[in-house]
Peer 1: 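Below you will find the structure I want to go over with you.
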2 protein chains.
Amino acid sequence: MPTIRDVARLAGVAPCTVSNTLNGTGYVAKTTRERVLAAVRELGYQPSAIARGLKLGRTNMIALIIPTISTPMFSEMIEGIEEVAAATNYNLILCRSARDPKRELTYLNLFRDGRVDGIILAAPKVDDPCFAEVSATTLPVVVVGGESPGQDVPSVVVDNRKGASEAIRYLLQLGHQRVGFINGPLTVFDSRERFEAVKDALRKAGVPFDEHHLYVEGDFTRSSGYAAAREIMSGPLRPTALFVGGDTMAMGAMQALKDLGFRIPDDVAVVGFDDIKYAQYFEPPLTTVRQPAYQVGSRATKMLLSLIEGKPLRRKHLVMDVKLVIRGSSERRRQPGGARGTSRHEG
Amino acid sequence: MPTIRDVARLAGVAPCTVSNTLNGTGYVAKTTRERVLAAVRELGYQPSAIARGLKLGRTNMIALIIPTISTPMFSEMIEGIEEVAAATNYNLILCRSARDPKRELTYLNLFRDGRVDGIILAAPKVDDPCFAEVSATTLPVVVVGGESPGQDVPSVVVDNRKGASEAIRYLLQLGHQRVGFINGPLTVFDSRERFEAVKDALRKAGVPFDEHHLYVEGDFTRSSGYAAAREIMSGPLRPTALFVGGDTMAMGAMQALKDLGFRIPDDVAVVGFDDIKYAQYFEPPLTTVRQPAYQVGSRATKMLLSLIEGKPLRRKHLVMDVKLVIRGSSERRRQPGGARGTSRHEG
DNA sequence: GTCGTATAGAAAAACGTTTTTGCAAAACCG
DNA sequence: CGGTTTTGCAAAAACGTTTTTCTATACGAC
């Protein structure tokens, strides 16, 4: 690899002149500039990002610490993050935490070594030790899908309370009196918010919530949704509707319902959360609370970039809107014919 | 951020002694070591990855240039790559190419600046200008899902020919005489191989292949699969089976078949390619050629790391095995009850 | 006692940039 | 024409490490 010195030698100038030419800083005469640029082309010179980073104190890289990559919701979020980063000339370093606070902490510490300009921490656990670490460090960090009451870390979350209570109100309005709730683990911020909102909504409607027989926690996987639905449906308070805090779990739950001989939505209505790309192609198509994963990612990245640039944030905590999308898993409707929407994504 | 000099000052030694202590190089007395380590702890010192990278000439980072992130197959591949990288103390830089050779080229050039130690280039087009660029550069690169006859770039691909011919033979064996083929774009390596294999398999069986009425190219999206199926099914040679080169497209194709009033598999059998996580939950579950996306990623990464370490590759071109997985979309079988397999993944 | 030889640590060069400072020459202004 | 400002470029310091080279002490062996 040629260095700036090689270019300088070939062009018959000093290294700083090459730097000035390439960066448009300082004074450099037109003829000199052309000589330098010719030398650059001839040698195929490219400034070392590392040396540059060392000198400038920034690397134009951001890190993303996220539980998993291949989950539809997180995939879309990553895409939102990547898009904004790339458009702003930043590169994205991807780290899988597997929801393990230890791994999160390892990465968080690792990245204090100047290799990134900022970090997006996705879906840390409630009371995750990361929060303490984050507010102790000077590196810009924004959290998505999590908040910590004590430390005031910038964050982007979705309106879990609205989504959950809307889902419950909708099911009650359809006439359901016994609603089962399959939630994610309460260590997850979203799950905790949805849990509160579901209880609230039911209480306000005067419907009792039996935490023993109508509530099960899964771990967001399809199989956990399957098991949870089996458990609830074979309990003494067999519900006529199921609210599931995650579409993949809802997929498993629907499978369980079918295997148990229940018809959806006739015997049991199902409402999910997320609106992953596949939800509309479930059989029947899944009614679910849409959360804008892509936008969560892109907004968080914009916040982080502001932080990096030293600009003040207009709002330190963003709550993204959600929306109940009604499809066939909750009520019988006219069979939609033809293509139902298209997808930007390939597969 | 404290530097090595601060630590040295506090410990009363020279910077090099701190370096030697931390890296286990050179001689350093036990008492000195302890003083240094104490100083490191007290200051919360962490060596700058950038300065280190500059001096050592490596960064422990690899870049991945990949068409999309949120596609199930690519997501899994990314996970395989990340896993191996993380286990070997490498970080992964993620770049979305959108299958645009220009963007690929931009990244490829960008990364010659020393910020990464190697590159994985996923799914470049056939005759992608990248190949020339790659073989011109000295940076280790391995290509997945692509090969270039001219340049001898290390690669990992799946056995598209075997998969496609097996799928076709299977459908013929079921008694189908007119088989439609919905392929990806021929600019994609995999599609091209599958195209050849399908033609071969049909020719060998003495079944004519009507490229006009039984062959359509989509772009891997669900909607393109939908449109392609509609086109083929409304042509003059209405087939009784459809082989679709991509599960997401197959999903769209199945939707089209249903909308047109065909029963699957009774009227039309469908076989896909990929075996994405959701394929087994399609309605009916999709018969498809399983390709080991995760392993493709992990093997490619291992190859790249070998290259980076300067170790010779045992095999420069890997062809990963594929396997036809028979489910309900191709033939009626006993209805499987209970949980059908579990998933490692959440979501 | 002098000579190797481990041991322990310091000094300084190097990695490839950017940036400050410095110094001419040219241009401008009265 | 003298002085100021602008223009054009070079020298050198700096970023924070690692590594080579060097010095110094202690320890045996001869």
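Chain identifiers are assigned alphabetically (A, B, ...) following the order of the sequence lines, protein sequences preceding nucleic acid strands; residue numbering begins at 1 within each chain.
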Peer 1: Which part of the nucleic acid, if any, lies within contact of A/S48, taking any heavy atom under 4.0 Å across all strands shown: a base, the sugar-phosphate backbone alone, or nothing?
Peer 2: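 A/S48: backbone/sugar contact only, no base atoms under 4.0 Å.
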Peer 1: Check the distance between D/dT18's P and A/I50's CD1 and give it to me in whole angstrom.
Peer 2: 14 Å
Peer 1: Show the nearest heavy-atom pair for residues A/Y107 and A/I65, with the distance to one decimal.
Peer 2: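 Of all heavy-atom pairs spanning A/Y107 and A/I65, the closest is CB-CD1, 3.6 Å.
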Peer 1: What is the distance, to the nearest angstrom, from the CD atom on B/Q46 to the P atom on D/dT17?
Peer 2: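 My rounded result for the distance is 10 Å.
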Peer 1: Please pick, from D/dT17, D/dC9, D/dG16, the nucleotide with the shortest atom-to-atom distance to any side-chain atom of A/T32.
Peer 2: D/dC9
Peer 1: Hydrogens and angles aside, do A/S70 and B/E79 bring a side-chain donor and acceptor to less than 3.5 Å of each other?
Peer 2: yes
Peer 1: Give the nucleotide from the list C/dG9, C/dT18, D/dT17 with an atom nearest to the side chain of B/V28.
Peer 2: C/dG9
Peer 1: Under 4.0 Å, heavy atoms only, any strand: does A/L56 hit a base, just the sugar-phosphate, or nothing?
Peer 2: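 The answer is sugar-phosphate, as A/L56 gets under 4.0 Å only of primed atoms, P, OP1 or OP2.
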Peer 1: Between A/N20 and A/R5, name the one whose nearest nucleotide on DNA chain D is closer to the 5' end.
Peer 2: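 The 5'-side residue here is A/N20.
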Peer 1: Counting heavy atoms from C-beta on, name the nucleotide in D/dT18, D/dC15, C/dA10 closest to the side chain of B/V13.
Peer 2: C/dA10
Peer 1: If the cut-off is 4.0 Å, is B/Y27 near the phosphate of C/dT7, judged by side-chain N/O to OP1 or OP2?
Peer 2: yes
Peer 1: Without decimals, in angstroms, what is the distance between B/R115 CZ and C/dT17 C1'?
Peer 2: 14 Å
Peer 1: I want to verify a distance call: between D/dA10, D/dG8, C/dG16, whose nearest atom is closest to the A/T17 side chain?
Peer 2: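 Nearest to the side chain of A/T17 among the choices is D/dA10.
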Peer 1: If only side-chain N and O atoms count, and only distance matters, is there a donor-acceptor pair under 3.5 Å linking B/S298 with B/T301?
Peer 2: no
Peer 1: Answer yes or no: is there an ion pair linking A/D113 with A/R115, defined by an N-O contact shorter than 4.0 Å?
Peer 2: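 Answer for the salt bridge query: yes.
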Peer 1: Can you tell me how far C1' of D/dT17 sits from NZ of A/K55, to the nearest Å?
Peer 2: 14 Å
Peer 1: Between C/dG16 atom C1' and B/D113 atom CG, what is the distance in whole Å?
Peer 2: 12 Å
Peer 1: Can you tell me the distance, in whole Å, between the NZ atom of A/K30 and the C1' atom of D/dT7?
Peer 2: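 After rounding, the reported distance stands at 15 Å.
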Peer 1: So, do B/L43 and B/L10 sit near enough that their side-chain heavy atoms are less than 4.5 Å apart?
Peer 2: yes
Peer 1: Is there a side-chain contact (heavy atoms from CB on, under 4.5 Å) between A/V188 and A/K125 once you walk through the steps?
Peer 2: CA-CA 5 Å; A/V188 172; A/K125 289 187 176 175; 5.6 Å; no
Peer 1: Report the nucleotide, chosen from C/dT17, C/dC15, D/dT18, that has the shortest atom-to-atom distance to any side-chain atom of A/Y45.
Peer 2: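 Nearest to the side-chain atoms of A/Y45, counting from C-beta on, is C/dT17.
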Peer 1: Which of these nucleotides, C/dA8, D/dT17, C/dT19, is closest to any side-chain atom of B/R52?
Peer 2: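 The listed nucleotide nearest to B/R52's side chain is D/dT17.
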Peer 1: Rounding to an integer number of Å, can you tell me how far A/I4 CD1 sits from D/dA11 C1'?
Peer 2: 14 Å
Peer 1: For DNA chain C, whose closest nucleotide is more 5', that of A/L54 or that of B/A14?
Peer 2: B/A14
Peer 1: For the side chain of A/A51, counting heavy atoms from C-beta on, which of C/dT19, C/dA10, C/dT17 is nearest?
Peer 2: C/dT17
Peer 1: What is the distance from CE of B/M1 to C1' of D/dA14, rounded to the nearest Å?
Peer 2: 19 Å
Peer 1: If you check every side-chain atom of B/P47, which of C/dG16, D/dT17, D/dT19 has the closest atom?
Peer 2: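 Looking only at heavy atoms from C-beta outward on B/P47, the closest nucleotide is D/dT17.
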